[in-house]
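First comes the structure, then the notes that go with it.
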Amino acid sequence: MLTFTADRTGSQARLGKMKLPHGTVSTPCFMPVGTQGSVKTLTPAEVAEAGAEVIVCNTYHLYLRPGHKRIQAAGGLSKFMGWNRPILTDSGGFQVYSLAALTRVTDEGAEFQSHVDGSRHMFTPELVVEIQEALGSDIAMCLDECPPYPVSRPVAEAAVARTSLWADRCRAARQPGTNLFGIVQGATYPDLRERSARSLAALDLPGYAIGGLCLGEPSEVTYDMVERVTVLLPTDKPRYLMGAGYPEDIIAAVRLGVDMFDCVLPTRNGRTGTAFTSAGRVAIRNSRHADDPSALDPACDCYTCRSFSRAYLRHLFVVGEALGPKLLTLHNVRFFQHLMQDIRTAIEQGEFKSWSNEFLSRYRSSGEPAGQ
Ligand SMILES: [Zn+2]
């Protein structure tokens, strides 16, 4: 079962422990993304060594390939992929809306065509819970309706109502012991966010996510929505801001009382040659690194930074060696775990505010404009 205790030390930032079937997770935490049952380019041993205590996998993708029943027959997702720590599965709602050809959404569910072979499927709240239970997820997410950004108020309002209706049905369908999180929607409309948070809080679920943000809206808007929602959510349940991956955003959200994060940025950027470092972002292909014997991030203790120069890493990317994306991913995943570890230590010592100001001034002062 999931137990969560939060300490407050000045700001709204909290320290917590989530006890899950496959292990205990210290919060605030960052969950690397293993969409298709693999954190791209890394072995589960490498992900664990980087310090990750929980990863995110995706219901939509695993339902389509290889199929949740096949994974269940193989002993569950943990066993199937060789990761013996907790797994959170996204409900697939986001992918249905963003990736698949969505054919029809009704109160019954979301009908879509697979992006793989065009086959037709329907996600209902009940099916999405059943899939995640078959996968053996430590944390399952409710099916939600996640409109794109920007979106009109009537569409956002309808999505809030449907998300609440579906959360209620997911809750009724779950087996005892399933840690089911609700997802707050409401786009960038303050009153809709508040309505969604109140309605889901009333369901007394074991945790709450804030969805439909970090979709391109200005940061001030993201933070405003997060603040309005966190004050309405129960203080003794974990809060998860979906899709937030920039260190600045994570720090701002921790300050507002968010406990969990996930994003494809560390892995996706690692594969394309952008590293997150304690001195800002580094675009490793840049010719300025061609003769640089220094480590990618002198403050990092990962295998990449202990073993290789920027010059060598750049060379790997320039000639297209598979080792390049792997080494940068390894570093980025470690960087985010290190960041969360520093955040937890700072909260514990009651110094989160001064620590974050110092981190951000160093991080912002010298990073390269690397884009995504
Ligand atoms: Zn490193």
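Note that the numbering runs from 1 along the sequence shown for the chain. Being a predicted model, the structure only gives us computed values, none of them experimental.
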Heavy-atom check, side chain of [X] versus side chain of [Y], under 4.5 Å:
X	Y	value
Ser219	Glu248	no
Leu313	His331	no
Leu330	Glu46	yes

Just how far is it from atom [atom1] of [X] to atom [atom2] of [Y], taken to the nearest 0.5 Å?
X	Y	atom1	atom2	value
Ser356	Asp342	OG	CG	11.5 Å
Glu53	Ser26	CD	OG	4.5 Å
Leu135	Ile87	CG	CD1	8.0 Å
Asn286	Arg310	CG	CZ	10.0 Å

### Query
Could you walk me through whether Arg85 and Asp138 pass the salt bridge (charged side-chain N to carboxylate O under 4.0 Å, His left out) check?
CA-CA 9 Å; Arg85 295 182 177 192; Asp138 292 80; over 6 Å; no
Can a side-chain donor-acceptor contact be found between [Y] and [X] if the only test is distance below 3.5 angstrom?
X	Y	answer
Asn58	Tyr63	no
Thr222	Glu217	yes
His115	Tyr60	yes

Atom of [X], atom of [Y] and distance for their closest heavy-atom approach:
X	Y	result
Pro147	Leu215	O-CD1, 3.9 Å
Ala156	Val151	CB-CG1, 4.0 Å
Arg314	Arg285	NE-O, 2.9 Å
Leu200	Ala167	CD2-CB, 3.5 Å
Val33	Cys263	CG2-O, 3.4 Å
Ala295	Cys305	CB-O, 3.5 Å

Is the shortest distance from a Lys or Arg side-chain nitrogen in [X] or [Y] to a carboxylate oxygen in the other one below 4.0 Å?
X	Y	answer
Asp301	Arg306	no
Arg153	Asp191	yes
Glu126	Arg169	yes

### Query
In terms of the angle between their ring planes, are Trp355 and Phe352 parallel, tilted or perpendicular, with boundaries placed at 30° and 60°?
parallel
### Task
For atom CZ of Arg104, decide whether the heavy atoms of other residues, nucleotides or ligands shown that lie under 6.0 angstrom number more than 12.
no
### Message
So for atom CD, which belongs to Glu49, do other residues, nucleotides or ligands contribute more than 12 heavy atoms lying within a distance under 6.0 Å?
### Response
no
### Task
Would you sort out whether Gln132 and Ser137 count as a side chain to side chain donor-acceptor pair (under 3.5 Å), showing the intermediate values?
CA-CA 6 Å; Gln132 295 178 88; Ser137 309; 4.9 Å; no
